[in-house]
Amino acid sequence: MSIKMTRRKFLQTTSLAAASIPLAKVVSAETGFAPNKFTAPGSVVGTETVTGGVCEMCFWRCNLVGKVRDKMLVKLEGNPKSIDNGSAICARGNAGVKLLYDPDRLKYPMKNIGERGNPKWKRITWEEALDECATKLKAVETKYGAHGIAMFPHGASAKYPMEYLENVIGTHNVSEASFFQCRGLRDTGYMATFGTPPGENVDMPNAKVIFLVGDHLGENVHVSHLKRYLKGLENGAKLVVLDPRYSASAAKSDIWVQIKPGTDTAFMLAVMNYLLEKNKYDKKFVGEHCVGFEKFKKGISHASLDWAAGICDVPEKQIREVAELLAANAPNVSVHPGRHVSWHGNDFQRMRAQGCLTALLGAIGVPGGFVKPKGVKVKGIGWPKGEHGGDHNLRVMANKYHYSPPGTPTDLIREACITGKPYPIKGCVIWGQNPMQTIPNQQKTIDALKQMDFVMCVDVMPTDITMYADILLPEACYLERYDYIKTGTQWNFADPHQQFISPRMPLVDAMFERKDEIWITNELATRMGYGDKIPVKSQEEKVDKELATVNLSIEQIKKEDGIHIQPGKDPYGVADDFEVLLYNEDLEDNGYPGIPTYVAVEEIPTGFARLVYGRSPVHTFNRSQNNVWLNYEMPVNPVWVNDEVANKLGLKDGDEVSLVNSEGVVSSATSIIKSTPGIRKDTIYIAHGYGSKNPMMTAGVNKGIDDQELITKLAVDPETGCHGMRNNFVKIVKNGKTLDISA
Amino acid sequence: MMKDDGENSMVDVYRFLAQAMRYPTPDWFTDQYFSVLLSLLSELQLNVEKDELRKAQKESFDFIEDIQVEHTRLFINAVPHVIAPPYASVHYKGDGTFYGSRIAEATKKFYREKGFSLVKEDDLPDHIVYELEFLALLTQEDEKGEREFLDKFFIPWFSIFMKKVTREAHHPYYRVVMKLIDFFTREGL
């Protein structure tokens, strides 16, 4: 119904004027304004440069400066003082502004008064939220023990609460996707070979050959990482790429090995066997640093070029060509350890193979080889470690996964949740991770969450998993808080040696009621009766205390424009006691192969193709899918399909399709076809991190296909418990019709 | 703290409307507040809307919680996604994000040029509650400024915002509030 009078008339003639409707009586006297001196029209507020930013649009964490005008972040740039990323940042780094000001971001604590998975949110106060979280978690701890609580953390801000749960409360049931669905097995595979996790520490700028196993640098963008890679190519390094797809790296390669997915270990065994047979390995290095050479040599003697060619579906001469190229340029070879390596459930062995190949080439501690930077060690300040014993450690109880990364393999936690065996897990803390899109088999994750007594989530965005929270807490993002202290060296070891220390400092104040992890965790700890264990009262205190261990302070760092730089050390050379376990006896004692071994992957069923996934240069997994700038750049993840296959199926570029896997799961959303000769006929590729199902993500919801939704067949790496996620097979669905793929 | 009684003016009207858009909490969303709101609707002859609100209250198990859920869903975060963040820059001349246009900055600048600044800066200056409170400040002493603010800053985005809220609201409360704000800001002074 419309109002049939004007405001003026209404005020003059109605009883409103006489205060018979007492508006003033029900209106708070408080106002959001204060008188201020008049600012002359036309006055301009200047833009200031705020230093001390450390990016978190991905885990590479570039140094930032913010252009801030009137308390509003206008633009992000690389910190010109940085000896890591310098003044450059990537598309995602630039788009951090849009994360900061995303209207979908979490703003206030909220309570779910609906169901898990189908939430009905109500804003509540921090007091209410913290009281409820603490009461419910304490109840679980009291009834089921510390091990009745599980945690799924991710990112720099999750470390402090994770340590609280592990060290103070005493649960082992913590599972980081960055380990169990990503790089954990790389670290433990290399540790079982070199005794140290490798990071991405290959000296690419000074290499003569760069050898990439599935890495698609260029689509996988980390600024200083790319600078090293591109400097190497600029300096003339030859590039070898093993990839079923013509990736951005394959496009720059000298040799593209269009390998059958899952067979990379066989390829490397054949290369190593060839090097041994032809006496083209580094005998001096092997003699001085390698253990178990004879057993190793014998153990891989079956790996002929012919054997590998059949398995890998590549020409024998190409394997020889690669081996010869590596030998001719040894030891200045970067055998890149990779980053996301949890592919097929046989991956620990591949990591071992990469480490052994590096050693046979003598490519350790030399220009171009595996070289660890010599950075500064800043001592962390954290929760005191209590004595909790290992009685309820699921991995120990299962006597499996002896080379597991830190924490507990995800599936052991999830199975315990679902079955209640060996004990119930009834409380869950999810901090910055989106297990719906990081852990395969989403239904199991849902089942695990639905049986909980309590679920709390802390995040900056309403990701898929937050729909399963009882209490959802808004966290300050990386542009609004102190936390992580980034350290490192100059990116190119050929330059004068320098070290840097750069704590993350806020570029702008946190808006709404967003809080940082120290405040949230301390408040929880106090309410749960652990206030006496609190190690620091604030983010600033933590960072300041940590900086004090290297004789620095926040005040000093601010004076130095966000980055302290000091003389560094020569990273080259190998310690006399550095050992490479070509044959690892402990592995064998635990029932695993002591020598790198190829374990065949399941063959592709007729009519299907293997689904593989990778990185988009403008997205960081699912974390950036709601960013309007990045969404605009690449709104969906095209489905790469071989052009001959596409032609046979009547598919052309841009056709809208969905995918169905061999277990009948159809992707909820669709994407578009990219028909290309640059992919094997038996393989389909999409970029990871698309197709969110959470309608709270206005920009990202249902955009593109979520690969994780289709990864329902689980492969678990026997040594580590990490997931292999490239063992699922798909067909293409167009206009409701499922198309058989005949390779 | 509530004000003492006295004659109503546009100051009170704007303040009343601003409060109506705050997150409903028991300290102000009282029976008395609701009764005043219903009286106001009577005076405006919005009897259908008044009946709708009364019905919603009568049928509700927890009336304030219903409105809290609705406020959260419409203006903060919810499923299906936040409907209408109550900020000018999200709706007008931008890309749908906070500070997505220059409106928020320009609004803040206008406040300053009229001799006011925000007490706290933990929210954006173009939030509807701030804008209505600012109109309450202007209407007393600067009628020209009030008109200028309404025409340049408030009405262009509010009309878009109102359509979204009216279309998507599940609860009658915010549809009614939209109608009231529209009447007191759009109609001739």
Side-chain angles (χ1 to χ4, degrees), chain A residues 1 3-4 6-8 10-11 14-19 21-41 45 69-72 98 101-104 106-108 110 113 118-123 462 467 509-513 628 694-698 701, chain B residues 1-8 10 12-13 15-16 19 23 28 30 32-33 36 39-40 43-46 48-49 65 68-69 72-73 76-82 85 90 95-100 105 108 112-113 115-119 121-123 129-130 133-134 137 183-184 187-189:
Chain A
M1 185 176 171
I3 302 169
K4 306 258 192 293
T6 65
R7 184 178 95 171
R8 184 182 295 276
F10 176 77
L11 281 168
T14 67
S15 53
L16 182 66
I21 304 172
L23 294 179
K25 273 197 169 178
V26 296
V27 171
S28 166
E30 288 164 19
T31 167
F33 287 90
N36 197 8
K37 60 180 182 184
F38 289 94
T39 304
V45 179
R69 186 172 66 231
D70 207 2
K71 299 193 173 179
M72 175 183 77
K98 289 295 162 185
Y101 295 131
D102 189 333
D104 285 331
L106 303 174
K107 305 168 191 74
Y108 303 98
M110 297 197 293
I113 61 165
N118 185 23
K120 197 190 260 189
W121 295 112
K122 174 180 123 170
R123 174 182 162 184
M467 292 205 292
D509 295 333
M511 289 200 305
F512 307 103
E513 291 185 5
V628 290
N694 193 343
M696 289 163 84
M697 306 243 279
T698 311
V701 64
Chain B
M1 190 176 88
M2 305 298 172
K3 271 177 62 179
D4 265 345
D5 55 0
E7 196 171 286
N8 282 316
M10 271 313 291
D12 302 309
V13 172
R15 298 290 307 281
F16 181 81
Q19 182 159 290
Y23 186 69
W28 69 265
T30 57
Q32 190 185 16
Y33 164 80
V36 168
S39 301
L40 185 58
E43 285 297 327
L44 288 164
Q45 296 162 35
L46 291 171
V48 173
E49 287 79 0
E65 183 170 85
Q68 287 173 332
V69 168
T72 306
R73 188 182 74 86
I76 301 175
N77 291 103
V79 176
H81 67 83
V82 55
V90 172
D95 59 4
T97 62
F98 293 149
Y99 291 118
E105 275 190 283
K108 198 170 174 182
R112 286 194 182 129
E113 287 172 6
F116 294 99
S117 61
L118 294 170
V119 176
E121 300 229 22
D122 57 356
D123 206 333
V129 171
Y130 287 145
E133 285 191 351
F134 181 64
L137 294 168
F183 171 68
F184 284 109
E187 295 287 327
L189 286 172

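Quick note: numbers below take in every heavy atom, side chains included, and nothing from hydrogens, waters or symmetry partners. Keep in mind that this is a model prediction, so the values were computed, not measured. Letters go in sequence order (proteins before strands), and every chain restarts at 1.
- In this structure, the side chains of B:Asp123 and A:Phe512 come closer than 4.5 Å at one or more pairs of heavy atoms.
- Scanning for ring pair (Phe, Tyr, Trp, His ring centres under 6.0 Å) contacts around A:Phe38 gives an empty result, with sequence neighbours left out.
- Both the backbone and the side chain of B:Val69 come within contact range of chain A, judged by heavy atoms closer than 4.5 Å.
- Atom CG of B:Asp122 and atom NZ of A:Lys71 lie 10.0 Å apart (nearest 0.5 Å).
- Counting all heavy atoms, side chain and backbone alike, A:Ala34 lies closest to B:Val119 at N-CG2, 3.8 Å.
- Most heavy-atom pairs under 4.5 Å with chain A, from the set B:Tyr99, B:Phe16, B:Tyr33: that is B:Tyr99.
- Contacts of A:Asp102 with chain B are made by backbone atoms alone, with heavy-atom separations under 4.5 Å and no side-chain atom involved.
- Note: A:Met72 leads A:Met511, A:Lys120, A:Lys37, A:Met72 in heavy-atom pairs under 4.5 Å with chain B.
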